[in-house]
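Here is the structure we will look at, set down as structure tokens.
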Amino acid sequence: MAGPSLMDSLFQRSLEDLIKGIRLHSGAGAGESSTFISKCLDEIRREIKATDPQTKTTALQKLTYLHSLHGVDMSWAAFHSIELSSSTNFHSKRIAYLAASLSFNPSTEVILLLTHQLRKDLSSANPHEVSLALQTLSSICTPDLARDLTPELFTLLNSNKGFIKRKAIATVLKFFELYPDSVRVCFKRLVENLESSDPGVVSAVVGVFCELAVKEPRSYLPLAPEFYKILVDSRNNWVLIKVLKIFAKLAPLEPRLGKRVVEPICEHLKRTEAKSLAFECIRTILTALSQYEAALKLAVGKVREFLVEDDPNLKYLGLQALAIVGPKYLDAILENKEMVIKSLSDDDVNIKLEALKLVMAMVSEDNITEICRVLMNYAIKSDPDFCNEILGSILSTCSRNYYEMIIDFDWYVLLLGEMSRVPHCQKGQEIENQLVDIGMRVRDVRPELVRVGRDLLIDPALLGNPFIHRILAAAAWVSGEYVEFSKNPFELMEALLQPRTNLLPPSIRAIYIQSSFKVLAYSAYSYFFPDEVVAQSSHELAGSLHNVESSDYLSGAAVTDTDPDQSFNPRMPHESLRDNSVDKGKDIITDCENVPTASLKMDRYPQDSFAQMLNIVDMTFTPLLGCHEVEILDRVTNVLGLVELIRLEIRGCEIQKEVDNVREELKAAQVIRLMHNAFSEELGPVSLMAQERVPLPDGLELKENLSDIDEICGNFTITISSSFNLERPWSREKDAIILSEHQNKEVVEQSNDSTSVLTEHRKRHGLYYLPSEEKETVSSDYPPANDLSLPDKTNDQTDDLFKLTEQSLVPKKKPTAKPRPVVVKLDDGNSIHIVEKKPEMKEHLISDAVRDVLLGNDAAPSSSRTTKSDKLSSRVTRKDLLVSATEQDSTTLGRSDKNSRRNKHRSHGKEKSHKSSTKVAGDPEEKSKPKSSHSHGKHKSRQRANSAVNVAAQSPVIPDFLL
Amino acid sequence: MIKAVIVMNDQGKPRLVKFYTFQAVEKQQELIRSIYEVLRSRANNVSNFVKMDSLFGPDVRLVYKTFATLYFVFVFDGSENELAVLDLMQVFVGTLDKCFHNVCELDIVFNFNKVHTILDEIILGGQVLETNSSEVVRAVDEISK
């Protein structure tokens, strides 16, 4: 290496000065270095205007440095880069082009001024100038530049200098992307370079095709013979890796291609020492050629070698490879189970995450309990991030497809409770959703759910952890909604009212209060109508017997069990009088002993605890009347109203009793009964289509009325409320119509989000145009959605068949141990319609052009490509004995009408929209697959010929390399 | 293709930044900071790959390696082989070593243009063009003549 020129050293010093200055100042602090930089920038602004090219160059170089490494804006200097690029001094030119390639972007306006200079440099006699221009062009190319410079690039593709050719080839990729018409000019020459004797050139071309094939593989099927040749002949790992990537895309499109390439790929895998190539072979086999068993076996064997390596990179990639093959061949994972489980405790987060993914792939109905147990142990021991990864994947796996893996819901609910207590748990929202969702969908699990909810609510420590608040919200809601399964509503009430609840955010506190309202309503109801409670629970028992007998018996038992419980001592209603009187400071002795014993066992509430409950509620909620949170205030007022009502009732009883001993129902009691009935209405999952099924009332013109809403709402912005939203759990699912037999009462729930907005609105405007604030009662005021008979019929008629099959299947399918409870699903049949990914407009244009070039090539008999591929394919045929004579015949048959077919296909591509054309191309492939696999082995040759002809007739592009 | 090549020191200061798809300067600085945060949090004897979906979009990975005080980072998509890129990084570092005779951080700091020239000989427009370090050294020498 010669010593630096005078110019070089001069220029280097000045950049060096800048760098030294920055280093010097950066020691003092960030502020000082930035003032130094801005000082330098001022200098640069002056220097760059200098007429002396040397000064200008140095200034631009410094600016580029500051731009690249210190994020300084240099868009203002774009013109100076262009100016300097025309310098006759190569060094200045280099700096100018570097500045351009690092700072220009598609919106740089002056970029077009560079066109002429680039053209000049691309055709320069100095290869280094050409090379510089290509490097710059590949970074800053725009559609206009690509259009204007395509001829120059085309010439360079035939350059006699290898390194120029390579750079030109790499630049072609940018041109294709930005200006698809350049494909028509350059593609042929690009393909010719595939056969170049220079391995560097081949590598570059293959790299370009690899990029192109990733975006739209189908267009490059006709080039398969060339790629195949490289796959067999090349010994360059870089090239082989790229070719393998191409085949991984092409093989799924053309089954016969897979058959052809699987062998050489296995050869490479067996032979190679390079891990990169080995891994690429494995990946190709696992993604695209997994139907070839021998290859698959070999690949999985190699994966195992990766797994036992000490190198964490190889271990990580090995696990990734298993994840690719996992869904289709679970055995591959199971074989390596030990390694996978062991990797869960690896030091490397990457490895742990991959292992977790694999473990979750192994989960099945039989082992889910065990695996979750193991994972929970890992979760407790792990760092917070990984712990939450584990919890997240357990939650998503278990809830997949309406909890299809779960048989024992009691266990799962307990597991959810356990998860909430994991110290690092941050999955509150997901657990919340699942607790509520399961509560609504799975009737049999409710008693256990209430038990779990109680345990969570009662623990004051949990209230201090904000991550768990959402779970507590769910626990509170579940306890309130299914309070009839609670062993001890009094205890529940205490838990809901405990002082530490003031740590909760208002939205969740509101749920607590609402739940205590439900508990209170239920307690009052069972206090006043003890007979009906028992009757109802037995009725419920009978009702649910429809369902699954044994487990429902359990739930019934849970209710009746509570009778002997000490807090539920059988007392008679009149005893409440005493309690009440104590409450009011009176001293009335009642003759409870006189009451007939027949009614004794009916009463499940001691008046002591009931009155106490009223007191506690009163005491806790009265201070909240001054609360500024509208959600809380609203609900507190409701609860206190109910308390007042109950007290009135109790007093009423007392007065009545003084008059005569006949017990009569009072108005207030009726209200309580009404309220209880409203709450005992079952809430079911809501279908996404629910609203659409509500018939539009006559005379309601939604649009007109809604047009005012902007004015009304204009003065406040709607914030996303974090309050409990019952619709959330299902919004993800594509629900529609099916309701199971037992849960066909559908209640359209008005979400709290909207209610809170509404209340806000009401508060402001003092309007009361909807009757109720209670979310539960809103539903009952909305007849069309709540009308049981009407939607039932319409729904059920459409899905009668489905239900019938389900009914007939359930009893037969009963597993040995414990029957899986019914899980309510909505609209199973309506699977999510996956929108086919449309190829990008540009890629479509590229592939169109590619097809035109390739097919146009084929149609002309004199073209070099046809002969080449014929040559190649004949070589291949000789080599491969597997190809039977009949198959050859049939493909020749197919080939005879190749031209017409291809022309047809070409017009397809031009006329049809992207979607339809891809579909057209996709369909025959689908049909041909089973047929060709059909023809594999022992079938008669005639059949084979037939199927091959079919294939030929159906698929628009059949490359002739298979001959 | 290769999306970016970044060299930074263990303080997070960039020493070489080259993006092969256009990114605004502010975005570049932000990406470098986020990458540095990720790399800093990783232990010593762990794998060299990081998934970068959150920063660069789906299917984009990152390979990094520590050489003395420097992190070498290559960002790439599904058309590259992870281990091959790791090898490529070795080629790049080997070339720097040959060009600067026992390369250290200061060489890269003070030879802004030359380092870019070296990189441009290896990767052009995100495509790997040369994997032989002596070839690269020869080409760079010729250009500098």
Side-chain angles (χ1 to χ4, degrees), chain A residues 1-2 4 8 12 15-16 19 23 61 64-65 67-69 71-73 94-95 98 102-103 105-106 128 131 134-135 138-139 163 166-167 169-171 173-174 200 203-204 207-208 210-211 214 237-238 241-242 245 274-277 279-280 311-317 347-351, chain B residues 1 13-20 22-26 28-29 32 41-51 63 77-88 99 109-113 116-117 120-121 123-132 135 137 139-145:
Chain A
M1 185 179 166
D8 219 354
Q12 268 183 347
L15 177 61
E16 226 174 283
I19 297 169
R23 289 172 66 80
Q61 189 188 22
T64 312
Y65 176 86
H67 168 79
S68 176
L69 298 183
V72 170
D73 172 55
R94 229 171 89 196
I95 284 165
L98 179 65
L102 288 180
S103 71
N105 65 58
H128 294 309
S131 156
L134 284 171
Q135 274 161 17
S138 72
S139 324
F163 73 98
R166 263 183 283 160
K167 287 180 180 178
I169 289 166
T171 313
L173 182 65
K174 279 272 149 63
S203 166
V208 169
C210 179
E211 295 290 337
V214 166
N237 290 345
W238 287 89
I241 286 172
K242 290 282 179 180
K245 290 219 179 257
K275 294 288 182 196
S276 51
L277 180 58
F279 182 65
E280 204 54 53
D311 184 346
N313 286 335
L314 298 183
K315 200 187 255 184
Y316 171 63
L317 292 176
D347 292 334
D348 192 340
V349 185
N350 288 344
I351 293 181
Chain B
M1 66 181 275
K13 279 197 179 143
R15 296 306 187 197
L16 167 72
V17 178
K18 176 85 185 175
F19 282 87
Y20 292 97
F22 173 73
Q23 306 280 354
V25 200
E26 304 78 37
Q28 289 185 8
Q29 298 284 321
I32 292 167
S41 67
R42 291 178 63 81
N44 276 334
N45 305 314
V46 298
S47 57
N48 298 87
F49 308 119
V50 181
K51 275 198 177 164
V63 165
D77 68 9
S79 321
E80 305 293 332
N81 178 297
E82 292 85 344
L83 294 168
V85 175
L86 205 56
D87 286 347
L88 184 70
C99 285
V109 170
F110 283 104
N111 290 283
F112 177 69
N113 278 59
H116 268 285
T117 311
D120 284 344
E121 286 303 311
I123 302 169
L124 186 137
Q127 295 295 303
V128 181
L129 288 188
E130 183 60 73
T131 53
N132 183 335
E135 282 293 313
V137 173
V140 172
D141 283 352
E142 241 170 62
I143 293 170
S144 323
K145 257 177 204 167

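Letters A, B, ... are given to chains in the order of the sequence lines, protein chains preceding strands, and every chain is numbered from 1.
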Counting heavy-atom pairs under 4.5 Å to chain A, which of [options] comes out on top?
{"options": "B:N45, B:V25, B:N81", "answer": "B:N81"}
{"options": "B:V17, B:L88, B:I143, B:V140", "answer": "B:I143"}
{"options": "B:E130, B:E26, B:Q28, B:E135", "answer": "B:E130"}

(Q) Within the structure provided, determine whether B:K18 and B:D120 are in side-chain contact (heavy-atom separation under 4.5 Å). (A)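 With C-beta onward as the side chain, the pair touches.
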Q. Side-chain contact, heavy-atom cut-off 4.5 Å: B:V46 with A:V349?
A.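 No, every pair of side-chain atoms sits at 4.5 Å or beyond.
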Residue [X] versus chain A: region with a heavy atom under 4.5 Å:
{"X": "B:A43", "answer": "neither"}
{"X": "B:F22", "answer": "side chain"}
{"X": "B:S79", "answer": "both"}
{"X": "B:Q23", "answer": "neither"}
{"X": "B:R42", "answer": "side chain"}
{"X": "B:L86", "answer": "side chain"}

Of the non-hydrogen atoms in [X] and [Y], which two are nearest, and what is the gap between them?
{"X": "B:V63", "Y": "B:E82", "answer": "CG2-O, 4.0 Å"}
{"X": "A:Y65", "Y": "B:V109", "answer": "CE1-O, 4.1 Å"}
{"X": "A:P312", "Y": "A:I351", "answer": "O-CD1, 3.7 Å"}

Flag the one option from [options] with the top tally of heavy-atom pairs under 4.5 Å to chain B.
{"options": "A:L102, A:L173, A:V72", "result": "A:L102"}
{"options": "A:I241, A:V214, A:N350, A:L314", "result": "A:N350"}
{"options": "A:K275, A:K315, A:K174, A:K242", "result": "A:K242"}

Q.
Is it the case that the side chain of B:Q127 and the backbone of A:A204 share a donor-acceptor pair, with hydrogens and angles ignored and the cut-off at 3.5 Å?
A.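 No; judged by distance alone, with no hydrogens or angles, the pair does not exist.
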Q: Look up atom CD in A:Q135 and atom CG in B:L129, then write down how far apart they are to the nearest 0.5 Å.
A: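 That separation rounds to 9.0 Å.
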Q.
Working to the nearest 0.5 angstrom, can you tell me the gap between A:W238 CH2 and B:T131 OG1?
A.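 With rounding to 0.5 Å, CH2 (A:W238) is 6.0 Å from OG1 (B:T131).
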(Q) A:N313: which residues meet the side chain to side chain donor-acceptor pair (under 3.5 Å) condition with it, sequence neighbours left out? (A)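 With neighbours one apart ignored, the set is B:N48.
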Q | Pairing residues for A:D311 by the side chain to side chain donor-acceptor pair (under 3.5 Å) criterion, not counting sequence neighbours | A |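 A:D311 satisfies side chain to side chain donor-acceptor pair (under 3.5 Å) with no residue once adjacent residues are dropped.
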Tell me, for [X] versus chain B, whether the close heavy atoms (under 4.5 Å) come from the side chain, the backbone, both or neither.
{"X": "A:S139", "result": "side chain"}
{"X": "A:S131", "result": "side chain"}
{"X": "A:L69", "result": "both"}

